[in-house]
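Residue numbering restarts at 1 for every chain, and letters A, B, ... go by the order of the sequence lines. Because the structure is a prediction, the values reported are computed rather than measured. Below, all heavy atoms of this structure are taken into account, side chains as well, without hydrogens, waters or symmetry copies.
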2 protein chains.
Amino acid sequence: MKNKTDRREDLKRKGLKSTRHRTAILEILEKRTQPATAEQVFFELNRAGISTSLSTVYRELDRLVNKNLVVQVKLNESKKALYEYNRMIHKHYLVCLGCKKMISLDTCPLKAYEKQLEEQTHFRITDHKLNLYGYCPECQAKGLPHKG
Amino acid sequence: MKNKTDRREDLKRKGLKSTRHRTAILEILEKRTQPATAEQVFFELNRAGISTSLSTVYRELDRLVNKNLVVQVKLNESKKALYEYNRMIHKHYLVCLGCKKMISLDTCPLKAYEKQLEEQTHFRITDHKLNLYGYCPECQAKGLPHKG
DNA sequence: TTGGATGCAAAAGTTTTGCACGGTT
DNA sequence: AACCGTGCAAAACTTTTGCATCCAA
């Protein structure tokens with residue numbers, strides 16, 4: 001994880017002050033292996049002894065997303081937005097529909113397809129979102145998915 | 001588009017009554033080439049002379065999603081859910097970040113990748129979501145994307 | 001006739017905003 | 001000191017629900 005000086009540099013470069021909340025939010029997200037809701041970040045802040053309000057967390061997450069330090073993901077059925085530390089890695093997720101765990105995938109199978117599609121459609125393709133869903137070995141062992 | 005008798009049959013098979021609203025909503029969605037928000041459906045109903053309320057539209061869309069006659073899509077940055085007629089075709093979208101138009105893609109480049117991933121991870125993969133983003137020829141001609 | 005469908009209004013849930021105060025540079 | 005960041009409360013926005021009424025089967 002980044003040390004305090006590096007973090008301060010990161011923020012300065014983006015024109016953001018180094019506040020207690022802001023650095024704590026980045027630390028929390030950087031430590032996690034999975035995206036978090038604003039609410040989860042809020043609770044983790046409080047657990048770390050930093051009292052705050054949910055609105056501040058939302059506001060801060062917005063700023064960090066705008067500055068490209070955090071990425072907003074929409075993976076889930078739920079209405080809540082998810083946020084994750086921007087590791088600057090193009091990623092996809094494999095989500096278990098049983099236990100909801102998410103495996104992040106670093107390989108991307110779409111380079112060639114994107115090129116082909118650009119030729120077909122004359123779009124300039126700049127990005128894509130891919131997530132895969134299924135059942136992990138543990139959940140399969142529990143007999144999931146149950147037959148409807 | 002389906003005729004009234006077919007539509008009535010579809011609904012009967014799913015245990016749903018053929019009401020004015022319900023059939024109208026299905027017709028509206030079936031005619032569209034792009035997913036619609038509940039609000040858009042609501043306005044189209046009113047435009048068609050069928051006065052209703054937004055809550056009824058939401059309730060109805062929910063039912064149709066549960067019965068698998070309609071699919072709920074989350075493509076967008078916006079908070080609103082999108083609904084589309086379930087044509088029983090596995091689809092992906094190419095979304096223009098300029099004018100927001102969506103091209104639906106019937107080919108799917110992921111069969112082989114899914115198989116490979118199943119072998120690697122021992123997940124049983126049941127589904128995936130893939131959407132691509134970029135700029136259509138028209139928006140490119142307008143100079144999009146603008147340099148930030 | 002009877003259970004499902006509807007309209008209205010109100011509630012619920014997530015996210016945003018206004019404003020006064022506080023902290024960083 | 002200046003400006004950005006924060007807390008609180010209230011608003012905004014999307015979606016859901018309760019209940020009385022209505023309609024299709």
Side-chain angles (χ1 to χ4, degrees), chain A residues 4-5 7-28 35-46 48-67 69-70 72-83, chain B residues 4-5 7-28 35-46 48-67 69-70 72-83:
Chain A
K4 281 192 181 168
T5 314
R7 179 92 61 209
R8 179 174 284 272
E9 275 310 306
D10 278 6
L11 289 172
K12 194 170 181 183
R13 219 174 301 123
K14 298 285 186 175
L16 294 175
K17 291 182 183 173
S18 294
T19 66
R20 217 157 91 91
H21 291 78
R22 183 165 291 151
T23 48
I25 289 176
L26 285 172
E27 276 183 21
I28 286 169
T37 62
E39 214 181 3
Q40 286 171 325
V41 172
F42 171 70
F43 286 131
E44 290 205 33
L45 282 167
N46 284 332
I50 299 177
S51 91
T52 183
S53 64
L54 195 52
S55 68
T56 299
V57 175
Y58 272 112
R59 222 169 345 204
E60 197 49 51
L61 287 169
D62 263 12
R63 270 190 285 247
L64 296 173
V65 168
N66 283 327
K67 296 297 185 178
L69 290 167
V70 166
Q72 200 192 43
V73 207
K74 291 226 173 123
L75 273 181
N76 51 351
E77 332 65 67
S78 120
K79 271 185 293 186
K80 293 185 186 172
L82 296 172
Y83 300 85
Chain B
K4 280 193 182 167
T5 314
R7 179 91 60 210
R8 179 174 285 272
E9 275 310 307
D10 278 5
L11 289 172
K12 194 169 180 183
R13 219 175 300 123
K14 299 284 186 175
L16 294 175
K17 292 183 183 173
S18 294
T19 65
R20 218 156 91 88
H21 291 79
R22 182 165 292 151
T23 48
I25 289 176
L26 285 172
E27 276 182 22
I28 286 169
T37 62
E39 214 181 4
Q40 286 170 324
V41 172
F42 171 71
F43 286 132
E44 289 204 34
L45 282 168
N46 284 333
I50 299 176
S51 92
T52 184
S53 65
L54 194 52
S55 68
T56 299
V57 175
Y58 272 113
R59 221 168 350 204
E60 197 49 51
L61 287 170
D62 263 12
R63 270 190 285 248
L64 296 172
V65 168
N66 283 327
K67 296 298 186 177
L69 290 167
V70 166
Q72 199 192 45
V73 207
K74 291 226 173 125
L75 273 181
N76 51 349
E77 333 66 67
S78 121
K79 271 185 295 184
K80 293 186 188 173
L82 295 171
Y83 299 86

Just to confirm, is there a sub-4.0 Å distance from OP1 or OP2 of [N] to any side-chain nitrogen or oxygen of [X]?
X: A:T52; N: D:dT6; result: no
X: A:R63; N: D:dT6; result: yes
X: A:K79; N: C:dG13; result: no

How long is the line joining [atom1] of [X] and [atom2] of [N], in whole Å?
X: B:K12; N: D:dA25; atom1: NZ; atom2: C1'; result: 9 Å
X: A:I50; N: D:dG5; atom1: CD1; atom2: P; result: 16 Å
X: B:F42; N: C:dG7; atom1: CZ; atom2: P; result: 9 Å
X: A:R20; N: C:dG22; atom1: CZ; atom2: P; result: 16 Å
X: B:L61; N: C:dA5; atom1: CG; atom2: P; result: 14 Å
X: B:K14; N: C:dG4; atom1: NZ; atom2: P; result: 18 Å
X: A:L54; N: D:dA10; atom1: CG; atom2: C1'; result: 14 Å
X: B:Q40; N: D:dT14; atom1: CD; atom2: P; result: 12 Å

When you get a sec, tell me which of [options] is the closest nucleotide to the side chain of [X]?
X: B:H21; options: D:dG5, C:dT16, C:dT6; answer: C:dT6
X: B:S18; options: D:dG7, C:dA5, D:dA25; answer: D:dA25
X: B:S53; options: D:dG7, C:dG7, D:dT16; answer: C:dG7
X: B:R59; options: D:dG18, D:dA24, C:dG18; answer: D:dG18
X: B:T19; options: D:dA24, D:dT14, C:dC8; answer: D:dA24
X: A:K17; options: D:dT16, D:dG5, D:dT6; answer: D:dG5

Only residue of B:R7, B:R8, B:K4 satisfying side-chain contact (heavy atoms from CB on, under 4.5 Å) with B:T23 is B:R7

Please say which of B:V41, B:V70, B:I50 ends up in a side-chain contact (heavy atoms from CB on, under 4.5 Å) with B:I25.
B:V41

Side chain proximity check, B:L26 to B:D10, heavy atoms < 4.5 angstrom:
no

Answer yes or no: is there a side-chain heavy-atom contact under 4.5 Å between A:L69 and A:L11?
yes

Want to settle it: does B:Q72 or B:R8 sit nearer the 5' end of DNA chain D, counting the closest nucleotide to each?
B:Q72

Ranking B:D62 and A:V57 by the position along DNA chain D of their nearest nucleotide, the one closer to 5' is A:V57

Applying a 4.0 Å non-hydrogen cut-off, can you work out what B:E60 is touching in the nucleic acid: base, sugar-phosphate, or nothing?
sugar-phosphate

Base, sugar-phosphate or nothing for A:S55? Non-hydrogen atoms, less than 4.0 Å.
base

NZ of B:K12: more than 12 outside heavy atoms within 6.0 angstrom?
no

Taking A:K17's backbone N and O only, do any of them form a donor-acceptor pair with A:R22's side chain (distance below 3.5 Å, no angle check)?
yes

